[in-house]
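A quick write-up on the structure given underneath.
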Amino acid sequence: MTKRDSAPIANDVAPSQKEDKARKGDNKQRVAELERQLGEVDQALRLSTGKLRMALDIGKLGAWERDIASGAMTGTPNFKANLGLPLDAALTYDDFQQMFHPGDVDRINQAISYALRTKTDFQIEHRVMRADGRIGRVLMRGGAVYEDGEPIRLMGVIQDVADREKAKEEANRAQRRQEFLLNLNDQIGNFDDPAQIMEIAARDLSNFLQVDYAGFNEVYEDRGITVVVLEWSKGLFSNQDNVERIDNLPQDLWRDITSGKTIIINDTKTDPRVSNRHMQEMYATANQTRTSINAPILRSEKLIAFAHVGGSQPRAWTGDEIALIEDVAERTWVAVEKARAKRELRETEARFNIIAESLPALVWILNPNTELTYTNERWVKYSGLAPEEALGHSWTLAIHPEDWERMTQELVDVVGNHKPYVTEARYRSSEGEYRWHLIQGEPVHGADGLFKGWVGTSVDIHDLKMTEEALRNSEQQLRLALQAAQMGDWRIDYETDAVFLSDRACEIVGLPPGSPFTRKELNEATYPGDLTRVLSDLDRAVQNHTIFNIEFRIQRRNDYAQVWLAAQGQGTYHPDGTHFGTSGVIQDITDRKHAEERQQLLIRELHHRVKNTLATVQAIVGSTARTAGSIDEFYQGFVGRIVSLARTHNLLTEDLWQKAALEELVQTELGPYKDETRNRIIVEGPHLELPSEAAVPIGMAIHELTTNAAKHGALSTFGGQVEVRWRIELGAELPMLHFTWRENGGPRVMSPARQGFGSRLLQRVLTTQLQAQVRMDFQEDGLNFTMVMPIPGEPPLFNPDK
């Protein structure tokens with residue numbers, strides 16, 4: 001082959017080598033790019049993992065995973081800490097289940113099974129038997145990972161909620177303390193006798209704290225003694241009127257209490273501060289005292305009295321109990337001081353006339369029949385009546401007829417219940433002028449507590465009232481001016497069809513200030529359904545030379561929202577009477593229109609609810625009457641059911657009459673029978689909101705079960721227990737509620753001889769109106785009631801007779 005022949009071959013090989021080099025270069029670039037992307041993904045993964053770990057630590061959440069096939073479990077340190085396990089502890093799902101509280105196992109397994117079946121997450125709060133022997137409470141939430149539609153792994157988080165439960169318990173205690181204090185205030189506020197006030201406070205405090213005695217000591221420092229002015233004791237022995245010399249008391253304790261410190265002794269036998277013989281003898285005499293608290297009462301930093309509380313058993317007083325005693329001591333002494341002040345006031349009635357005559361007001365005293373028995377000279381001069389004519393009911397004749405018509409209604413409650421009274425009314429003077437007076441009256445009682453009438457004053461406030469009226473008029477004018485300032489003014493030139501809008505008017509219709517606008521564009525923006533009416537009203541006003549006032553809708557130009565406008569104006573005319581334009585003001589009234597629409601909707605809804613409620617009450621009356629054996633039985637049954645209906649309505653009105661929670665219906669009825677120490681009431685079930693039409697019959701059914709249990713069943717005996725549980729399962733069309741009421745520990749149960757309202761409600765109403773399957777099993781150890789029903793959307797009106 002010649003060189004000429006070989007040249008083409010060399011030329012053919014060269015391009016192939018170049019392509020190989022190019023491909024290798026491209027591969028290296030792609031590998032480098034993939035490595036860079038992998039690095040970014042790895043960095044993002046580490047960052048995400050770090051954020052997750054930080055979130056779990058901040059929320060004190062423990063994460064876990066379970067391999068469904070092998071049962072092996074892994075968990076974070078927080079997960080094991082929440083279960084009381086060491087960090088290196090190995091754990092299987094069987095081990096984990098062993099830590100579930102026996103009373104919660106079925107509920108947990110049902111929640112997880114339901115989640116797996118429906119491919120949803122589960123969330124359940126339950127108890128755990130911690131490895132250290134303590135019982136904890138956790139919130140567990142998780143879900144499954146699926147492969148080819150089958151769950152292969154469960155994963156989730158667990159949170160210790162014991163602190164939350166502790167906080168809830170503390171809140172309950174605080175609420176009980178608050179209710180106690182409110183009730184105490186109501187009681188001691190109704191008495192004027194200091195001894196009675198102290199006795200009520202001491203008795204209630206003793207019962208609330210479950211101590212043996214409580215009382216109040218008054219301090220007479222100038223005489224060097226303290227006196228037990230009142231003591232309430234559970235036993236026959238009382239220290240009331242006992243006198244103790246201050247010198248005989250431990251001086252270090254006395255210095256503390258005089259400085260305002262509460263003296264707390266948990267055990268008088270072991271506290272070295274009261275170990276001397278005198279104090280031990282005193283405690284032995286005072287109801288065998290083993291524990292005591294003395295709370296000081298100071299005025300102007302001086303000890304004037306102290307409350308004492310004691311018991312025959314040692315006690316570790318809590319901070320809340322100490323604070324309660326201090327609070328009661330202060331509240332009671334304030335009431336005592338008030339009562340003493342009133343008593344002193346009654347003792348000064350002899351000086352009342354001198355004071356009354358010096359006051360720049362009408363001073364008067366009314367007897368229980370509202371007759372004037374005393375008035376100062378100022379009333380005699382003002383009325384122009386003779387002194388003997390100024391008494392009796394003369395004051396009623398001097399009051400303006402309009403004011404007297406109102407006062408006669410107000411005085412019904414005041415006179416009937418001996419209440420204080422404050423009002424404003426016009427008195428006619430001797431010149432015939434009516435002047436405004438501020439009338440203030442206070443009820444007066446004698447030393448024996450007998451109601452004597454009212455004492456009061458009538459102060460001339462006529463000039464002040466006139467000033468206030470002028471001020472109100474001025475404020476009204478200001479409000480009108482401000483409202484006018486929010487209006488936009490406009491003008492239409494019919495010769496050019498131009499519409500001139502102020503800046504505010506442009507803002508209302510959605511245009512930039514100064515934008516050109518035409519009458520055609522205005523008509524196009526007006527809602528079609530209103531345009532004919534608007535044009536007709538405008539034409540009529542123009543023809544009749546009258547002012548027009550129109551409300552209509554337009555589509556705002558900037559956001560195309562529909563707004564309501566109120567337009568007022570009138571036509572403009574040439575001297576010959578030819579109409580050439582229209583001018584006026586506009587105002588955005590969209591909010592007002594929406595408010596009117598909402599009001600109409602609420603009125604219609606109210607009519608519907610009232611008719612439904614009246615129908616329910618009518619049905620209850622009829623059914624109760626048919627099953628009652630006597631008037632008293634009818635009254636008790638009817639009142640109980642109406643109260644139950646009212647409680648259910650209270651729950652519904654909290655949610656605008658839409659729904660009520662099943663748990664709240666149960667807790668409302670069974671709450672009064674709870675006893676935490678005996679676990680008397682058990683209520684378990686998921687949160688379920690019932691529509692109003694279903695909440696009413698179900699709420700009354702729960703009331704009937706509770707009433708029956710309290711009268712004849714488990715709640716009628718000391719050891720009885722009621723367990724209420726429910727669950728929700730998927731049904732063919734609607735979710736199904738499975739509700740169980742089980743009683744045990746009560747009297748022996750027998751089937752009832754006749755069907756009463758409760759049986760009618762439980763067996764007929766629930767079945768007919770809610771399509772429920774109801775079963776009542778009267779077992780010897782207690783009633784077992786079950787109900788399975790579809791959770792309704794809008795069921796028919798409750799009626800016990802259907």
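Everything quoted here is computed from the prediction, not taken from an experiment.
- With sequence neighbours left out, E330 forms a salt bridge (charged side-chain N to carboxylate O under 4.0 Å, His left out) with R299.
- Few gaps surround CD on E388; more than 12 heavy atoms of other groups in view lie less than 6.0 Å from it.
- In this structure, CE in M198 is found 11.0 Å from CD1 in I200, a value given to the nearest 0.5 Å.
- E281 has a carboxylate O that lies under 4.0 Å from a charged side-chain N of R277, or vice versa, which qualifies the two as a salt bridge.
- When every heavy atom of L397 is checked against every heavy atom of R428, the shortest pair comes out as O-NH1, 3.3 Å.
- Counting non-hydrogen atoms of neighbouring residues, nucleotides and ligands closer than 6.0 angstrom, the CD atom of Q251 exceeds 12 such neighbours.
- Separation of atoms OG1 (T707) and NE2 (H712) is listed at 9.5 Å; rounding is to 0.5 Å.
- Inter-residue side-chain proximity for V666 and E663 is flagged as unmet; no heavy-atom pair is nearer than 4.5 Å.
- For the pair F216/V336, no side-chain contact is recorded, criterion being any heavy-atom separation below 4.5 Å from C-beta on.
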- Message: Go through it in stages, so that I can follow the logic: the residues are N207 and W232, the test is side chain to side chain contact (heavy atoms under 4.5 Å, CB included), and I'd like the CA-CA distance, side-chain angles, deciding distance and then a yes or no.
- Response: CA-CA 10 Å; N207 291 331; W232 186 89; 3.7 Å; yes
- Please walk me through it: do H437 and Y382 pass side chain to side chain contact (heavy atoms under 4.5 Å, CB included)? CA-CA 12 Å; H437 285 72; Y382 182 85; 3.6 Å; yes
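- At least one donor-acceptor pair under 3.5 Å links the side chain of T291 to the backbone N or O of I265.
- Under the rule for a ring pair (Phe, Tyr, Trp, His ring centres under 6.0 Å), H393 has no partner lying at least two apart in sequence or in another chain.
- Side-chain atoms of N369 do not come within 3.5 Å of backbone N or O of E371 as any donor-acceptor pair.
- A pairwise comparison of heavy atoms in A201 and T332 identifies CB-OG1, 3.1 Å as the closest pair.
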- Task: Evaluate the criterion side chain to side chain contact (heavy atoms under 4.5 Å, CB included) for residue pair L438 and V422; output intermediate values, then yes/no.
- Result: CA-CA 7 Å; L438 172 64; V422 178; 4.2 Å; yes
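- Formation of a donor-acceptor pair under 3.5 Å by the N266 side chain with backbone atoms of D271 is not found in this model.
- In this structure, the side chain of D403 engages the main chain of R426 through a donor-acceptor pair within 3.5 Å.
- Using a distance-only test at 3.5 Å, with no hydrogens or angles considered, a donor-acceptor pair links the side chain of W454 to the main chain of K419.
- Atom CD of Q210 has 12 or fewer heavy atoms from other residues, nucleotides or ligands within 6.0 Å.
- For the atom pair S275 OG and K269 NZ, the distance stands at 11.5 Å (nearest 0.5 Å).
- Inter-residue side-chain proximity for Q667 and V683 is flagged as met; some heavy-atom pair is nearer than 4.5 Å.
- Among all heavy-atom pairs drawn from Q280 and V274, the shortest one is NE2-O, 2.8 Å.
- Between the side chain of H400 and the backbone N or O of E402 there is at least one donor-acceptor pair closer than 3.5 Å.
- A side-chain donor-acceptor contact under 3.5 Å links T268 to the backbone of T289.
- Screening K465, R435, R378 for a side-chain hydrogen bond (donor to acceptor under 3.5 Å, both in side chains) with D460, the sole residue that qualifies is R435.
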- Check the pair R343, D193 against salt bridge (charged side-chain N to carboxylate O under 4.0 Å, His left out), reporting the backbone distance first and the verdict last. CA-CA 8 Å; R343 182 174 59 188; D193 183 4; 5.5 Å; no
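- Panel note: side chain S259, backbone D256; a donor-acceptor pair is recorded below 3.5 Å.
- Across all their heavy atoms, K234 and V211 have their closest contact at CE-O, 3.0 Å.
- When all heavy atoms of I188 and A335 are compared, the pair lying nearest together is CD1-CB, 3.8 Å.
- Under a 3.5 Å cut-off, the side chain of N376 and the backbone N or O of V363 do form a donor-acceptor pair.
- D212 and S312 form a side-chain donor-acceptor contact under 3.5 Å, judged by distance and modelled atom types alone.
- The two atoms that bring W395 and M407 nearest to each other are CZ3-CE, 4.2 Å, heavy atoms only.
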- Message: The test is salt bridge (charged side-chain N to carboxylate O under 4.0 Å, His left out); show your working for E410 and R406 and say whether it passes.
- Response: CA-CA 7 Å; E410 298 172 348; R406 166 178 54 83; 3.4 Å; yes
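- Taking 4.5 Å as the limit, some side-chain heavy atom of S292 sits within range of a side-chain heavy atom of Y283.
- Taken from CG in L184 to CG in D204, the straight-line distance is 6.0 Å, to the nearest 0.5 Å.
- Counting only distance, with no hydrogens or angles, the side chain of K711 and the backbone of S716 share no donor-acceptor pair below 3.5 Å.
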- Task: Tell me, with the steps shown, if I702 and L662 meet side chain to side chain contact (heavy atoms under 4.5 Å, CB included).
- Result: CA-CA 10 Å; I702 295 171; L662 176 58; 4.1 Å; yes
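- Residues passing the side-chain contact (heavy atoms from CB on, under 4.5 Å) test with P368 are F451, sequence neighbours excluded.
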- Tell me, with the steps shown, if R273 and D252 meet salt bridge (charged side-chain N to carboxylate O under 4.0 Å, His left out). CA-CA 8 Å; R273 298 174 298 174; D252 54 343; over 6 Å; no
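- Among residues two or more places apart in sequence or in another chain, the ring pair (Phe, Tyr, Trp, His ring centres under 6.0 Å) test is passed with W254 by none.
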Could you tabulate the donor-acceptor pairs under 3.5 Å formed by side-chain atoms of residues 318-326, not counting sequence neighbours?
unit_1 : atom_1 : unit_2 : atom_2 : d
T318   : OG1    : E321   : N      : 3.2
T318   : OG1    : E321   : OE1    : 3.4
D320   : OD2    : R177   : NH1    : 3.2
E321   : OE1    : T318   : N      : 3.1
E321   : OE2    : R315   : NH2    : 2.9
E326   : OE2    : T262   : OG1    : 2.4

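- K338 NZ: 12 or fewer foreign heavy atoms inside a 6.0 Å radius.
- Legend: residues meeting side-chain contact (heavy atoms from CB on, under 4.5 Å) with S383, ordered by chain and number and at least two apart, are W379, L385.
- Dense packing is recorded around CD of E218, with more than 12 heavy atoms of other residues, nucleotides or ligands lying under 6.0 Å away.
- Of the inter-residue distances, the one linking I399 atom CD1 with I439 atom CD1 reads 5.0 Å to the nearest 0.5 angstrom.
- Side-chain contact between M282 and N242 is absent, with no heavy atoms from C-beta onward closer than 4.5 Å.
- Of the inter-residue distances, the one linking W317 atom CH2 with I293 atom CD1 reads 4.5 Å to the nearest 0.5 angstrom.
- The aromatic rings of Y213 and H308 sit tilted, their planes meeting at an angle between 30° and 60°.
- No side-chain heavy atom of R331 sits less than 4.5 Å from a side-chain heavy atom of V334.
- When side chains are defined from C-beta on, L366 does not count as touching Y421, because their heavy atoms never get closer than 4.5 Å.
- Taking the side chain as every heavy atom from C-beta outward, F208 and V328 never approach each other to under 4.5 Å.
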